[in-house]
Amino acid sequence: VLIAVTPGNHDYLSADSPYNGEWSENVHIFKKHETIEVDGVFLHSVPFLSAYSDTFSLPRAEGGTNILLLHGDTSGGNYNPITPAILAQTNMDYVALGHIHKPQSMSGDRIRYSGSPLKYSFSEVKDKKSVTIVELANKGNLTIRTVPLDPMRDMVEIKGKYDDIMLKSFYENTTYQEDYVHITLADEEDIVDAIGKLRTVYHNLMKLDYDNRRTRSVAQVDGVADIETKTPLELFSDFYEMQNNQPMSKEQKAFVEDLI
């Protein structure tokens, strides 16, 4: 079985690329823009030869079955930018696209991103990863199916108050403890050493945020004309409220007064 590899912008063909090493005889790595024929099937490739590419020429279909392997961006980006309409003009029987991580078809099933095999950022939390299997029985006869990929560790997002998400009843019977986790705490006060404490339960905590009145506020600094007329306590109170989107409590004011 032939394995054909088209380098992309993250694994482009650099001088020290592992693609320059020795590979099995059934592995063909495209190291230039070229077309190869395998049992009457023409494989056309547009690989990345450097970390960045925004111009390239597209091959045209030849006689027989034609497949294009292209690492390119149909979303308006600058990495081999291309449109489904232009790809359709190549008259390929199938276009295998790479670059966008979410599996999706473009303008019908003949132009498709297979997507990445794993979730690589929390923007992909809701993505369903899969392998795309394409069968070309004969000219014009195309069948596509996907096989789901279930990772050893998923990527999940959790939001709630610290005390609630640390309850065993919250995380038991889930995979949260070993998943790659982004936690958003809804507590109004910061938790001391929150990451360290959370990791005693959520072992692969990757990111921690807060969502509360302080983080949702948009601070606005007024003029400084009245600064000289305010007491140190009033100035600190203003600063605290601007930072936390809430006034200081009586206890906090008393503590600051003692310090002043």
Side-chain angles (χ1 to χ4, degrees), residues 9-10 51-52 54 73 75-79 81 99-102 104 115-116 118-129 151 153-260:
N9 60 299
H10 290 298
Y52 180 77
D54 61 359
D73 195 346
S75 64
N78 296 320
Y79 289 90
H99 190 65
I100 295 178
H101 292 187
K102 184 177 182 178
Q104 56 191 287
S116 60
L118 295 172
K119 300 174 184 179
Y120 287 100
S121 76
F122 286 104
S123 64
E124 301 176 36
V125 162
K126 296 181 180 180
D127 289 358
K128 301 296 183 182
K129 302 300 184 178
R153 295 184 179 89
D154 202 358
M155 186 173 279
V156 298
E157 292 183 306
I158 297 171
K159 182 177 180 179
K161 291 191 173 182
Y162 174 82
D163 288 341
D164 294 336
I165 67 175
M166 290 296 281
L167 291 172
K168 187 176 181 180
S169 59
F170 179 85
Y171 58 80
E172 67 179 352
N173 301 321
T174 74
T175 58
Y176 293 163
Q177 287 187 272
E178 301 304 326
D179 288 337
Y180 298 114
V181 181
H182 170 203
I183 291 179
T184 301
L185 291 178
D187 300 82
E188 289 299 331
E189 300 293 334
D190 288 1
I191 305 299
V192 177
D193 190 26
I195 288 182
K197 293 175 180 176
L198 288 166
R199 280 181 175 157
T200 63
V201 172
Y202 304 98
H203 306 142
N204 294 305
L205 172 61
M206 306 293 288
K207 183 179 181 182
L208 174 64
D209 287 316
Y210 280 87
D211 180 22
N212 52 32
R213 283 181 290 180
R214 173 176 56 83
T215 60
R216 290 193 295 269
S217 68
V218 178
Q220 181 176 347
V221 180
D222 296 325
V224 297
D226 60 343
I227 287 180
E228 293 184 359
T229 65
K230 289 188 176 183
T231 66
L233 177 61
E234 289 173 330
L235 291 172
F236 189 88
S237 296
D238 291 345
F239 174 75
Y240 180 92
E241 187 166 349
M242 183 177 67
Q243 287 291 100
N244 297 279
N245 202 30
Q246 60 182 329
M248 287 196 299
S249 65
K250 290 181 180 180
E251 293 79 7
Q252 289 171 324
K253 284 186 176 180
F255 180 78
V256 174
E257 280 185 312
D258 290 340
L259 291 177
I260 295 172

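By convention here, the first residue in the shown sequence is residue 1.
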Trainee: Output yes when a side-chain donor or acceptor of Lys129 lies under 3.5 Å from a complementary backbone atom of His101, and no otherwise.
Mentor: yes

Trainee: When you measure from the side chain of Asp187 to the backbone of Asp190, do you find a donor-acceptor pair of N or O atoms at a distance under 3.5 Å?
Mentor: no

Trainee: Would you say that Phe255 contacts Met248 through its side chain, given a criterion of any heavy-atom pair below 4.5 Å between the two side chains?
Mentor: no

Trainee: Check the surroundings of atom CZ in Phe239: do more than 12 heavy atoms from other residues, nucleotides or ligands lie under 6.0 Å from it?
Mentor: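 Counting other residues, nucleotides and ligands, CZ of Phe239 stays at 12 neighbours or fewer.
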
Trainee: Looking only at heavy atoms, which two atoms of Ala194 and Leu208 are closest? And how far apart?
Mentor: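 Shortest heavy-atom contact: CB-CD2, 3.7 Å.
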
Trainee: Step by step, would you call Lys119 with Tyr180 a side chain to side chain contact (heavy atoms under 4.5 Å, CB included)?
Mentor: CA-CA 10 Å; Lys119 300 174 184 179; Tyr180 298 114; over 6 Å; no

Trainee: Taking atom OG of Ser237 and atom CD of Gln252, what is their separation to the nearest 0.5 Å?
Mentor: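 Ser237 OG to Gln252 CD: 9.5 Å, rounded to 0.5 Å.
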
Trainee: Roughly how far apart are Asp154 CG and Thr174 OG1, rounded to 0.5 Å?
Mentor: 11.0 Å

Trainee: Taking all non-hydrogen atoms of both residues into account, name the closest pair between Ser123 and Ser121 and its distance.
Mentor: OG-OG, 2.6 Å

Trainee: Side chain to side chain contact (heavy atoms under 4.5 Å, CB included) for Ile165 and Val201? Distances and angles first, verdict last.
Mentor: CA-CA 10 Å; Ile165 67 175; Val201 172; over 6 Å; no

Trainee: Looking only at heavy atoms, which two atoms of Ala51 and Asn9 are closest? And how far apart?
Mentor: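 Taking every non-hydrogen atom into account, O-CB, 3.7 Å.
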
Trainee: Any side-chain heavy atom of Met166 within less than 4.5 Å of one from Leu198?
Mentor: yes

Trainee: So, taking the atom named CG in Asp258 and the one named NZ in Lys253, what distance separates them when rounded to the nearest 0.5 Å?
Mentor: 14.5 Å

Trainee: Do you know which of Asp209, Asp211, Thr184 makes side chain to side chain donor-acceptor pair (under 3.5 Å) with Lys159?
Mentor: Asp211

Trainee: Any chance NZ of Lys102 has more than 12 other-residue heavy atoms, nucleotides or ligands included, within less than 6.0 Å?
Mentor: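 For Lys102, atom NZ is not crowded (no more than 12 foreign heavy atoms under 6.0 Å).
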
Trainee: Do the ring planes of Phe170 and Tyr176 sit parallel (below 30°), tilted (30 to 60°) or perpendicular (above 60°)?
Mentor: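 The rings of Phe170 and Tyr176 sit tilted, inter-plane angle from 30° to 60°.
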
Trainee: Distance-only, no hydrogens or angles: does the Asp73 side chain make a donor-acceptor pair with backbone N or O of Tyr79 under 3.5 Å?
Mentor: no

Trainee: Okay, side chain of Asp179, backbone of Val181: is any donor-acceptor separation there less than 3.5 Å?
Mentor: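 Judged by distance alone, no pair lies under 3.5 Å.
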
Trainee: Would His182 and Met206 count as a side chain to side chain contact (heavy atoms under 4.5 Å, CB included) if you check the C-alpha gap in whole Å, the side-chain angles of each, and the deciding distance to 0.1 Å?
Mentor: CA-CA 6 Å; His182 170 203; Met206 306 293 288; over 6 Å; no

Trainee: Nearest 0.5 Å, please: how far is OH in Tyr210 from CD1 in Ile183?
Mentor: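 These two atoms lie 10.5 Å from each other.
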
Trainee: Of all heavy-atom pairs between Leu118 and Pro151, which one has the smallest distance, and what is that distance?
Mentor: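 Smallest interatomic distance, heavy atoms only, reads CD2-CB, 3.9 Å.
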
Trainee: What verdict does the side chain to side chain contact (heavy atoms under 4.5 Å, CB included) test give for Tyr202 and Ile158, after you've listed the backbone C-alpha separation in whole Å, the side-chain angles of each residue and the deciding distance to 0.1 Å?
Mentor: CA-CA 11 Å; Tyr202 304 98; Ile158 297 171; 3.8 Å; yes

Trainee: Quick check: does any side chain N or O of Arg199 sit under 3.5 Å from a backbone N or O of Leu205, one acting as donor and the other as acceptor?
Mentor: yes

Trainee: State the CD-CG distance between Gln104 and Asp127, to the nearest 0.5 angstrom.
Mentor: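 Separation between the atoms: 9.0 Å.
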
Trainee: Does atom CD of Glu157 have more than 12 heavy-atom neighbours, drawn from other residues, nucleotides or ligands, at distances under 6.0 Å?
Mentor: yes

